[in-house]
Amino acid sequence: MKTFADLGVESKIINGIEELGFSKPMPVQEAVIPHLLAINPRDLITLAQTGTGKTAAFGIPLIQNSKGKPKFVKHLILSPTRELCLQIADDLRDFSKFKDEVKITAVFGGSSIDKQILNLKNGAHIVVATPGRLVDLQNRGKIDLSKIETVVLDEADEMLNMGFREELDEIIKNTPKERTTLLFSATMPNEVLEISKRYLKNPEEITIGGRNVGAENVSHEVVLVHARDRYLALKRIVDFHPEIYGIVFCRTRNETQDIAEKLIKDSYNADSLHGDLSQAQRNAVMNKFRIKHLKLLVATDVAARGLDVDDLTHVINYNLPDELEIYTHRSGRTGRAGKFGSSIVISNLREKNKISDIEKQLGKKFKFTEVPSGKEICTKQLFHLIDRMEKVTVDHTQIDSFLPEITKKLEWLDREELIKKFVSLEFNRFLDYYKNLPDLGKPDKKDRSKRREQFDGDMTRFFINLGKKDNLKPTDIIGIIKDNLSFKEIGIGDIDIKETFSFFEIESDYQEELLKNVNTKNFRSRKISLEVASKRKNDRQSSGSRNRNPRNENRFSKRKKSGKDSESQFKPAKRKLRRKK
Ligand code: AMP
């Protein structure tokens, strides 16, 4: 086993990282540190999840390579979010604690640009930046990238997911051709491969923990439920794990808020984290979660990105994400630092195909489990309570003086009665809740066809004037639907995103409300235009209104030319998981 000194790390930095408790290098550090400390290092692609120690892997050599007065920015680290940016800068300052000549500056959106400009003016060896803010600074002529030696693209897949592709192009083109570029990513979808080809020269490739493989210590479980029972299933899963400390991932801000509010109302120690919160509110929630004042954080994928928590017991997927890579990111948030974690998916039968796609990508099988029954939950909670009681430390100096009076008061109770009463005190909440509740049944194929009959009888297909050109994703459509309806748990059918327009289906009962609310809204500053394309009845061929609108007629006759498209048009309510290869 190598030491940091064996990797060539200088003693001042070793002193800094030892104070943080880093006694030996992690695998990604063993691979990256000597590589980057070499003279003229080659470009490098590293496939590594967060939690593998990658910040120190690139941070330590960059610090060691930062010498003298900082006349120019020498090393640039790009990261997707403000939180991650701050975290990296903080980590780097910790590593360089005993090497105080190293100047590190973080620049990111949502914070005063003037202060950041001043910091840059005062000189920095290393700049940690979010792409948007860096382009802004570039445009104002406040940062000079012409002497950059190293560019680190951290969480490259996330940066692309967040739509920073143009900003990355803009930044990279202003850096010298002779730079060393390092790309870190948890997954390697096509978009990342494509930028790696353009930004990196003849890169070496390192994979930590296997390509696209979820963390080793994570179990992947699916709980199959009816869509309408999702929330009840979530509560049961949480109740079945009394020590849970986890993130519940939702797809939209509204859903996140909605689920968190329900959990809080039902007395769970939960809160929400999403983009509608101010930065101060987000910080407050993240802090409460970090120090475990909250045991459940209901979050959107984007908002949860900046959160660095190593000891989550569970990740709960309230809905499956539309992109495979996002599942890898979500599940990789648990099972870190040698601990074991579970990633649980609450799913309905219609999503089974997505599950097998994820299994293929992960190279791991999901365990299909059922929602715990009321009896199972009560048993688990009861024994948890008894365990806690057995382990509790009794403070004799405080308690003993009250004991004679307490003993006298409880004299009339025998031992058995006494135990029952103490246990009930804590436990009645669960007993009361579960005693008359039926178990949540697993949906079977019969249920599915019954439900589909309902859906098929009353699904409306909409045309929307947004498509791939607008960078529209299925999650955006779901967001538009949910943001504009008072009732959220509605049936959503096929979503079909074309180049300049798209189709989607929802239960017809909500047609009017959706039309009324959406047609006044914008999507990324483009006015949304929504119209009914067709209504789908039980007999799928009898979609009478489908071709009445001449625009639709054209559209469909064009679609029919392609066998694939015309087939997908008549497909029952089922959305495909977008898979990046
Ligand atoms: P990262 O992947 O950079 O987010 O790091 C994940 C966690 O591992 C952070 O909490 C680091 O402080 C910690 N860490 C990084 N390197 C080491 C090391 N060599 N020994 C122990 N902990 C480490």
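Predicted model only: the values in this text are computed from it and were never measured. Side chains are part of it too, since the values below use all heavy atoms of this structure and drop only hydrogens, waters and symmetry mates. When a ligand or atom number is given, it counts from 1 through the structure's own listing order.
Residue Phe4 touches ligand 1 through its side chain alone, judged by heavy-atom distances below 4.0 Å.
In terms of modelled atom types and a separation under 3.5 Å, the side chain of Thr334 and the main chain of Ser331 share no donor-acceptor contact. The backbone N or O of Phe240 sits less than 3.5 Å from a side-chain atom of Lys380, completing a donor-acceptor pair.
Heavy-atom proximity to Lys24, at under 4.0 Å, picks out these atoms of ligand 1: 18 (C), 19 (N), 20 (N). Ligand-side atoms of ligand 1 in range of Thr55: 1 (P), 3 (O), 4 (O), range being under 4.0 angstrom from any heavy atom.
For the pair Lys24 and Phe4, the NZ or CZ position fails the cation-pi test of under 6.0 Å to the six-membered ring centre and within 45 degrees of the ring normal.
No salt bridge links Asp239 with Arg236; every basic N to acidic carboxylate O contact stays at or beyond 4.0 Å.
At least one N or O atom of Gly53 sits closer than 3.5 Å to an N or O atom of ligand 1.
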